[in-house]
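Reviewing the structure listed below.
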Amino acid sequence: MQTKLSPQYNPKEIDDKWYRFWEEKGFFHRKPDTSQKPYTIVIPPPNVTGVLHMGHALNNIIQDILIRWRRMQGFNTLWMPGTDHAGIATQNVVERELAAKHVKREHLGRERFIEEVWKWKNQYGSTIIKQLKKLGSSCDWTRERFTMDEGLSSAVKETFVRLFEKGLVYKGKYMINWCPRCSTALADDEVEHEEHEGNLWYIMYPFRDAPHLYVIVATTRPETMLGDVAVAVNPKDDRYKDMIGEVLTLPIVGRELPIIADELVDPTFGTGAVKVTPAHDPNDFEMGKRHNLSSVVVMQENGVMNENAGDYEGLDRFECRNALVEELKLKKFIEKVTAHKHSVGHCYRCHTVIEPYISDQWFVKMRPLADAAIQASREKRVIFFPDRWEKIYLSWLENVRDWCISRQIWWGHRIPAWYCQDCSRITVSHGIPAVCSKCGSTELKQDNDVLDTWFSSALWPFSTMGWPKETPELKYYYPTSTLVTDRGIIYFWVARMVMMGLEIMHQVPFSNVYIHGTILDEQGRKMSKSLGNGIDPLVMIDKYGADAVRFSIIILTTEGQDIKLSESKFEMGRNFTNKLWNAARFILMNLQEEHPEEIQHEFSDYQFEDRWILSRLNSTIEACTASLEQFKFNDATMKIYDFTWHSFCDWYLEIVKARLYQPVSSKDKKVVQTVLAKVFNQILHLLHPFIPFITEELWQNLKKVIYENKINIQEDMRSESLMCNAWPTQDKRYESQFSEKNMAVLQDIIRAIRNIRSKMNIMEKQKLHAVISVSGDGELDLEEHSNLLKRMANLEHIDIGKDLPKPENSASEVIGRIDLSGDLDISSGLTTGGQIQVFVPLTGIIDQAAEKERQLKHLKQLEEHLHIVQQKLHNKNFIARAPAHVVAMEQNREKELLEQIQKVKLILSDFG
RNA sequence: GGGCGAUUAGCUCAAUUGGCUAGAGCACUUGCCUUACAAGCAAGGGGUCAUAGGUUCGAGUCCUAUAUCGCCCACCA
């Protein structure tokens, strides 16, 4: 008897083979078919510059599980893959590469630089795609998209034009977040705030007409004082009330600054007087508008001080700060400096300190879009898992400000707006306009800016399906089913997709949003390049196999919680896949016959353990499916794990070995083979979404062996691949409370004997004699199971009877077999009564002291338990107010415990 | 300043929504190379569920504080 499975499980030999098979056969690809229900996921497109990290791995494992599971359930699935052009990030990468060759982007010019980026994209852009394939991701690669490809560009332009025409996109001079290094505007949420130990400088601003008197203002950014145009106080602040309208002199610069009153000023902060710099602070910008103040820009785009900074022109903003403070100190304008903790904005791409800056930018008017999204949430058209994210998402939508979408970089979707050189009218158009829409001039110049990367990402769920064209895909697969992503991009991406989906498609882009946790290192820190604490999923795949990585990650994934990961975690997955492999070897070996023949049998030919395992399988199918419905991935995984390892391998396989090795009849052997094949087949189905490679390999082997050996498991095995087969459904015929409860009793008896063996230091090999005494009115026919008991407890012979006496010199154990569930089914063969006593006569070997100790310990446990139970029962309120079944359960338990205690005491009395 | 999450065995995490003696995996102890598997088998030990109050017949689970850690948001000049 030989199987084709090698004795050692080696994922390297199977993973790539099956992935190629699936892809070549086109199993990932489906076409719209209105006779089937669609299930769609769009991938969160990783950056083209990306390299697979653990976060990607988790994200894509979850999506693959959902897609494979739904595909098996018979849905017409689409997992839409692709990558994001990641404007700033990609531009930075290519710029760095050019810098290594001493080439600057500016020297190349816009067109040639973009050519370089495309070259880079074509060369390296598929790296992460290849890595996703290594994981087993069953995306429909024939539909792979890129946010800069032609179709998506068309979607971007069309959206921009539509929003502009509706007045939802506008251009204007506002204060935005400026990254001096990237030399571009950023959206509010692209700014990362960090706590910073800074200083608060208290600077004296003298009165113009009384230079010996002054007002002190406090600032964290003294260099901006060069752009001050006023000093503001709260109108209700008694200290300053009378000074409103007076004029101060700006130290060093000499500019005259009126004292103005503004509600915004917080009298409790600093001195209660604030310098007003409309060109360099968002609050001051608003204040400037309110009070009609001019603004003085003192800095260039690159963070270097300009001509308005006087002597400081040409200095970097932070050098200027230091130098200016020195001068102020020297000239005695600094009253004091205090340490001050405050948060400072940084560019999310390059981490440079952000500068508030006034410039001409494009914005999306968010209020109407956000209101529609809020409405959709309230109507449960978008549901978050876990639901706590909905509140966070909603509060963002409620407070959202207009979205700055223009970026002063080259790599991205160029804004489809043209400026007339004659009348300066803006023409916004999908195609290149021939003439100015106002004056008819042909002198048109396109806007230099590109759109925020997230603008195109926001369209992803429909742009990837062909919009603005009315494709069959769009019609069938949109809206999508589930979005799987990280909490980090709820605002960036999820919210914007909802808004754009509603605005453009008039439908939410997805009905469920599953937010998974973040992968952290062993110490609970984020994995990052700079800390060097990352675990490379590809290295882990190489070492443990993709399935082990998937299994280990997913068994740790509890709803939305972060995952502390260390390499040792992958051992669980490896051990499990290895166990599965070995179980398969055992099964396949034992299914093979030299002269296979078909033997008819019926359910009535099934033995007790066959019915038991089928019943357990049935409940596992039910529980696992239910868990997946609720996105409880670890729950589902644990259930199959426990069933496979601890029910199927530990018990069923061990029990049936006898029937395989010394068959009582060829029919019974066939029965065992059939059940083995049937259950294992279902296990492979249940496990397939989680560990696709090994299950496919084992299933292909199983299928062949089943066919060759004429085993009829009454399941459809015709598919070419396990991934195309049907997800198991429960079968009520196999549900058997009777066998599950009785098996639990048998397991207790076996464990009791094994425990005695272990405690008495008796070798496993040594066969024993056991006396099993049943008391009470139970109807469990132990005699029927004596072979099972003998085999599993390694007994020479076994005596079973009612109320048998304890043999001399025997170790014993009392086992309760009460049904505590409260909903007793008398016909199940298990009634409320009685215990089972197990005696193992050990003349000559028994260690009396050890045995006495065992009994005393057991007695103590029972008494402690009884105490807890009686405490409840002695409480009148418990009897009166707890539900009847709970009271009944406790009463049964009390009775049971009392009887057990009595039995143990009796045994103990032998020891004197 | 506001919000959210976490706190359960030595470690990493569960606990069906308030009801069996709180469960796994790893680690630990003891015995086994038993013809699928030592990446394994068998039998064990190990928990004041962060703290303090409260609600309830009953609390790991609900409420109120407190502590520690982490994350997010904010116009902290």
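The sequence lines fix the lettering, A, B, ..., with proteins before strands; numbering per chain opens at 1. These figures come from a predicted structure and were not determined experimentally.
- Across all strands, A:R757 comes closer than 4.0 Å to no nucleic acid atom at all (heavy-atom distances).
- Judged by distance alone, the side chains of A:Y348 and A:E192 never bring a donor and an acceptor atom under 3.5 Å apart.
- For the OP1/OP2 pair of B:rA36 and a distance below 4.0 Å, the side-chain nitrogens and oxygens of A:K657 include at least one atom meeting the criterion.
- Under the side-chain hydrogen bond (donor to acceptor under 3.5 Å, both in side chains) criterion, A:T271 pairs with no residue, sequence neighbours left out.
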Nucleotide N/O of nucleotides 39-41 of chain B paired with protein N/O under 3.5 Å:
unit_1: B:rA39; atom_1: O4'; unit_2: A:N575; atom_2: OD1; d: 3.4
unit_1: B:rA39; atom_1: O2'; unit_2: A:N578; atom_2: ND2; d: 2.9
unit_1: B:rG40; atom_1: OP1; unit_2: A:N575; atom_2: ND2; d: 3.3
unit_1: B:rG40; atom_1: O3'; unit_2: A:K579; atom_2: NZ; d: 3.2
unit_1: B:rC41; atom_1: OP1; unit_2: A:K579; atom_2: NZ; d: 2.9
unit_1: B:rC41; atom_1: OP1; unit_2: A:W645; atom_2: NE1; d: 2.6

Applying the Watson-Crick and G-U criteria (both distances under 3.5 angstrom) with [ ] for crossing and | for other-strand pairs, one obtains for RNA chain B (((((((..((((.....[...)))).(((((.......))))).....(((((..]....))))))))))))....
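- Counting any heavy atom pair closer than 4.0 Å across all strands shown, A:V265 reaches a base atom.
- Taking atom P on both B:rC33 and B:rA42, the two are 15 Å apart, rounded to the nearest angstrom.
- In terms of modelled atom types and a separation under 3.5 Å, the side chain of A:E223 and the main chain of A:L324 share no donor-acceptor contact.
- Within the structure, a side-chain polar atom (N or O) of A:H865 is placed less than 4.0 Å from OP1 or OP2 of B:rU21.
- Distances shorter than 4.0 Å separate none of the side-chain N or O atoms of A:R893 from OP1 or OP2 on B:rC20.
- In this structure, A:D387 places its CG atom 13 Å from P of B:rC4, rounding to the nearest Å.
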Run the salt bridge (Lys or Arg N to Asp or Glu O under 4.0 Å) check on A:R317 and A:E355 step by step: do they pass?
-> CA-CA 10 Å; A:R317 53 191 167 148; A:E355 205 57 48; 2.5 Å; yes
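- In this structure, a donor-acceptor pair under 3.5 Å is present between the side chains of A:T277 and A:D228.
- Across all strands, A:S343 comes closer than 4.0 Å to base atoms (heavy-atom distances).
- At a threshold of 4.0 Å, the pair A:E851-A:R854 counts as salt-bridged, since one of the basic side-chain nitrogens sits closer than that to a carboxylate oxygen.
- The separation of B:rU48 from B:rG10, taken at their P atoms, amounts to 8 Å, rounded to a whole angstrom.
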Any chance you could list the contact pattern along nucleotides 9-18 of chain B? Use B for base contacts, S for sugar-phosphate-only contacts and - for none, protein heavy atoms under 4.0 Å, 5' to 3'.
-> ---SSS----
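- The number of heavy atoms from other shown groups lying within 6.0 Å of CZ (A:R239) is above 12.
- Atom CZ in A:F878 sits roughly 10 Å away from atom P in B:rG58 (whole-Å rounding).
- Between the side chain of A:E654 and the base of B:rA36 there is at least one donor-acceptor pair of N/O atoms closer than 3.5 Å.
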Can I get a per-line list of side-chain donor-acceptor pairs under 3.5 Å for residues 641-657 of chain A, giving both atom names and the distance, sequence neighbours left out?
unit_1: A:D642; atom_1: OD1; unit_2: A:H646; atom_2: ND1; d: 3.2
unit_1: A:T644; atom_1: OG1; unit_2: A:I640; atom_2: O; d: 2.6
unit_1: A:S647; atom_1: OG; unit_2: A:R616; atom_2: NE; d: 3.2
unit_1: A:S647; atom_1: OG; unit_2: A:R616; atom_2: NH2; d: 3.0
unit_1: A:Y652; atom_1: OH; unit_2: A:D610; atom_2: OD1; d: 2.6
unit_1: A:E654; atom_1: OE1; unit_2: A:K657; atom_2: NZ; d: 3.3
unit_1: A:E654; atom_1: OE2; unit_2: A:K657; atom_2: NZ; d: 3.1

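- In this structure, the OH atom of A:Y491 is 10 Å from the C1' atom of B:rC4, given to the nearest Å.
- Note on A:R751: only backbone sugar-phosphate atoms sit closer than 4.0 angstrom, heavy atoms only; bases stay farther off.
- A:K639 comes within contact range of no nucleotide atom at all, as no heavy-atom separation falls under 4.0 Å.
- Note on A:A880: nothing from the nucleic acid sits closer than 4.0 angstrom, heavy atoms only.
- Take the nearest nucleotide of RNA chain B for A:K759 and for A:N877: the residue whose nucleotide is more 5' is A:K759.
- Comparing B:rA6 with B:rU61, their P atoms are spaced 13 Å from each other, to the whole Å.
- Put simply, CG on A:D189 is 8 Å from P on B:rC73, counting in whole angstrom units.
- Taking 4.0 angstrom as the limit, A:Y661 places a side-chain polar atom (N or O) nearer than this to OP1 or OP2 of B:rA36.
- Atom pair A:K391:NZ and B:rG2:C1' shows a separation of 13 Å (rounding to whole Å applied).
- B:rU68 and B:rA52: their C1' atoms are spaced 15 Å apart (whole Å).
- Proximity note for A:M589 (side chain, C-beta onward) versus B:rC72, B:rA36, B:rA77: the nearest is B:rA36.
- The CE-P distance, from A:M889 to B:rG19, rounds to 10 Å in whole Å.
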Verdict with reasoning, A:K564 to A:D521, per salt bridge (Lys or Arg N to Asp or Glu O under 4.0 Å) = CA-CA 5 Å; A:K564 280 192 209 169; A:D521 75 357; over 6 Å; no
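- Between A:P883 and A:V191, it is A:P883 whose nearest contact on RNA chain B lies nearer the 5' terminus.
- Between A:D562 and A:R487, at least one side-chain nitrogen of the basic residue sits less than 4.0 Å from a carboxylate oxygen of the acidic one, meeting the salt-bridge criterion.
- Aromatic rings of A:H516 and A:F385 (six-membered ring for Trp) have centroids beyond the 6.0 Å cut-off, not under it.
- Following rounding to the nearest Å, A:Q523 (CD) and B:rU68 (C1') show an atom-to-atom distance of 17 Å.
- Taking 4.0 angstrom as the limit, A:N590 places none of its side-chain polar atoms (N or O) nearer than this to OP1 or OP2 of B:rA36.
- Looking at heavy-atom distances under 4.0 Å, A:S568 makes no contact with the nucleic acid at all.
- If you take CD of A:E813 and C1' of B:rG44, they are 12 Å apart, rounded to a whole angstrom.
- Between the side chains of A:T224 and A:K275, at least one donor N or O lies within less than 3.5 Å of an accepting N or O.
- Within the structure, the salt bridge (Lys or Arg N to Asp or Glu O under 4.0 Å) test picks out the following pairs touching residues 565-584 of chain A (sequence neighbours left out): A:K543-A:E567.
- Taking the P atoms as reference points, B:rA27 lies 43 Å from B:rA65, given to the whole Å.
- Here A:E764 does not pair with A:R757 in a salt bridge; the nearest charged N to carboxylate O distance is not below 4.0 Å.
- Applying the 90° cutoff around 0 to the glycosidic angle, B:rU8 is assigned anti.
- Within the nucleic acid shown, A:R401 comes within 4.0 Å of sugar-phosphate atoms alone, with no base atom in reach, counting heavy atoms only.
- If you take atom P in B:rA77 and the same atom in B:rG5, they sit 29 Å apart, rounded to whole Å.
- For the P atoms, the distance linking B:rU8 with B:rG45 amounts to 23 Å, nearest Å.
- Using C1' as the reference atom, B:rG31 and B:rC71 are 48 Å apart when rounded to the nearest Å.
- Candidate nucleotides B:rC33, B:rC72, B:rG44 were compared by shortest atom distance to the side chain of A:K857, and B:rG44 ranks first.
- No donor-acceptor contact under 3.5 angstrom links the side chains of A:N234 and A:D262, judged on distance only.
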